[in-house]
There are 2 protein chains.
Amino acid sequence: MVLIMLELKDLPTTGVLHKFAERYPDADITAVSSFLHLLRVATDLSIALDTCLSKHGLLQGRWWVLILLMREDTHTATPSVLASKAGVTRATMTGLIDGLEQGGLVERVFTKSDRRSVLIHLTDAGQAKLDAVMPDYYQRLRLCMKGLNEAQRIQLEQMLDLINAGIPELTKQK
Amino acid sequence: MVLIMLELKDLPTTGVLHKFAERYPDADITAVSSFLHLLRVATDLSIALDTCLSKHGLLQGRWWVLILLMREDTHTATPSVLASKAGVTRATMTGLIDGLEQGGLVERVFTKSDRRSVLIHLTDAGQAKLDAVMPDYYQRLRLCMKGLNEAQRIQLEQMLDLINAGIPELTKQK
DNA sequence: TTGACATAGTTAGCCAGCTAACTATAATGG
DNA sequence: CCATTATAGTTAGCTGGCTAACTATGTCAA
């Protein structure tokens, strides 16, 4: 996944929001506040995740490829499938696989059935890398999220789904 | 703000999460689920916001600079302050200002008091650009967020604050 | 008062996304 | 059965972040 946004250090105060709402009467102050708050926390989470992964020589892109491969029973998938699941272009996936192959974490296996295609296979070194990264990641994430109990987590996901359902409104042609 | 993460198209099913939890007993399944869900929705929101802004010839970086300037009573600020509030480096801010100046949306004003410093001033054209963009943005955001009532928005922000408080756990030295 | 340090802005070069175009191979329909 | 279209992977070049290094200016303490 590739989320790019400006890191919002100074969320607007309600005073600023009201000032803007005067000039732009369509402004829905709590909508803006929640929206920016959500983007800000997610941005900081993403940066922190990269910091955590970089201690193991990974970033989100490559890390996610390894996870997608581990999910497969055969520890194998094509670049196209990986690109689609990771939400990046095939061109980007080529670069990610190049880096992982250079590090010996995956290997390209050429298939006979469809000669256009390549299978990407998680190597033992790749699995070992995951076995080093994932426990650290899971421990840290557990601590990070310990402020929310189970009920709150469910509520959060429900609200995220509601927002997600509204996203098309941001881009819809009028 | 610069949030970079892989766009997670395929969130793990609870089945997959349990499979991983077997190998990695530290995994806190609902923590992982909520975390990925949050990053995914925020990513999609960020992409949609860029799509919305790009119809007006802006992206998040430049758009945010214009907003920060409009917040100031004098419609003026230094690049350093803008960089700090936007959460980008001063180097990045130089590039953003270059682009905005080229489009006539801001101007560099050299000061006499501190000759190291420059003041960035929102031009009439810059204000006009905001007057074109912001109503569209606010209308769309209102629709996007209309699935959440006021109580839910408050709850959401509270939960985001709880997560935010846990972020240091992701990067803390052990 | 001057040497060391701090601050403001810029420049240069890196990186990981992206799109568009290309090659090779497969699938399909007239 | 062959021309067209679709698919898989790669390459080339763009973009907007980043860090590090640099210039110029200001500040402060010995």
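Reminder, nothing fancy here: chain letters follow the sequence lines and each chain counts from 1.
Rounding to whole angstrom units, CH2 of residue B:Trp64 and C1' of D:dG16 are separated by 18 Å. In this structure, A:Gln60 atom CD and C:dA16 atom P are separated by 12 Å, rounded to whole Å. We find that CG of A:Leu100 is positioned 16 Å from C1' of D:dG9, with the value rounded to whole Å. Per the geometry, CD1 belonging to B:Ile120 stands 13 Å off P belonging to C:dA8, to the nearest Å. One atom, CG of B:Leu96, and another, C1' of D:dC18, lie 12 Å apart when rounded to the nearest Å. Taking atom CZ of A:Arg90 as the reference point, atom P of C:dA21 lies 14 Å away to the nearest angstrom. Regarding A:Asp98, its CG atom lies at a distance of 14 Å from the C1' atom of D:dA12, rounded to whole Å.
A side-chain donor-acceptor contact under 3.5 Å links B:Lys55 to the backbone of A:Thr171. In terms of modelled atom types and a separation under 3.5 Å, the side chain of A:Thr94 and the main chain of A:Arg90 share a donor-acceptor contact. Without hydrogens or angle criteria, B:Lys85 side chain to B:Ser80 main chain gives no donor-acceptor distance under 3.5 Å.
Partners of A:Thr30 according to the side chain to side chain donor-acceptor pair (under 3.5 Å) rule, which considers only residues two or more places apart in sequence or in another chain, are A:Asp28, B:Glu150, B:Arg153. For B:Thr89, the side chain to side chain donor-acceptor pair (under 3.5 Å) partners two or more places apart in sequence, or in a different chain, are B:Thr92. Residues meeting the side chain to side chain donor-acceptor pair (under 3.5 Å) test with B:Gln152, sequence neighbours left out: none.
Side-chain N/O atoms of A:Arg108 include one lying less than 4.0 angstrom from OP1 or OP2 on D:dT10. Checking the phosphate oxygens (OP1, OP2) of D:dA8, no side-chain nitrogen or oxygen of A:Thr78 falls inside 4.0 Å. Checking the phosphate oxygens (OP1, OP2) of D:dG17, no side-chain nitrogen or oxygen of B:Arg62 falls inside 4.0 Å. A:Thr94 has no side-chain polar atom (N or O) that falls below the 4.0 Å cut-off from OP1 or OP2 of D:dG9.
The environment of B:Arg108 atom CZ is dense: over 12 non-hydrogen atoms of other residues, nucleotides or ligands sit within 6.0 angstrom.
Within the nucleic acid shown, A:Thr92 comes within 4.0 Å of at least one base atom, counting heavy atoms only. In this structure, B:Ser80 reaches the sugar-phosphate backbone alone: every heavy-atom distance under 4.0 Å involves primed, P, OP1 or OP2 atoms, never a base.
For B:Leu59, whose side chain is taken as the heavy atoms from C-beta onward, the closest listed nucleotide among D:dC18, C:dT11, D:dG16 is D:dG16.
For residues 110-119 of chain B, proximity to DNA chain D is found at B:Ser113, B:Asp114, B:Arg115, B:Arg116, defined as any non-hydrogen atom under 4.0 angstrom from a strand atom.
Partner A:Phe35 forms a side-chain contact (heavy atoms from CB on, under 4.5 Å) with one of A:Val32, A:Leu38, A:Leu39 and no other, that one being A:Leu39.
Proximity of B:Leu82 to B:Trp64: side-chain heavy atoms (C-beta onward) are nowhere separated by under 4.5 Å. With contacts defined as side-chain heavy-atom distances shorter than 4.5 Å, the pair A:Arg23/B:Met70 qualifies.
Secondary-structure annotation of DNA chain D gives the stems C:1-30 with D:1-30, with a stem taken as at least 3 successive Watson-Crick or G-U pairs whose two distances both fall under 3.5 Å.
Between B:Lys19 and B:Glu22, none of the side-chain N atoms (NZ, or NE/NH1/NH2) sits under 4.0 Å from a carboxylate O, so this pair counts as no salt bridge.
Between B:Tyr138 and A:Tyr24, the two ring planes are tilted [angle within 30° to 60°].
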Strictly under 3.5 Å: I want the nitrogen or oxygen pairs between protein and nucleotides 2-4 of chain C, one per line.
none

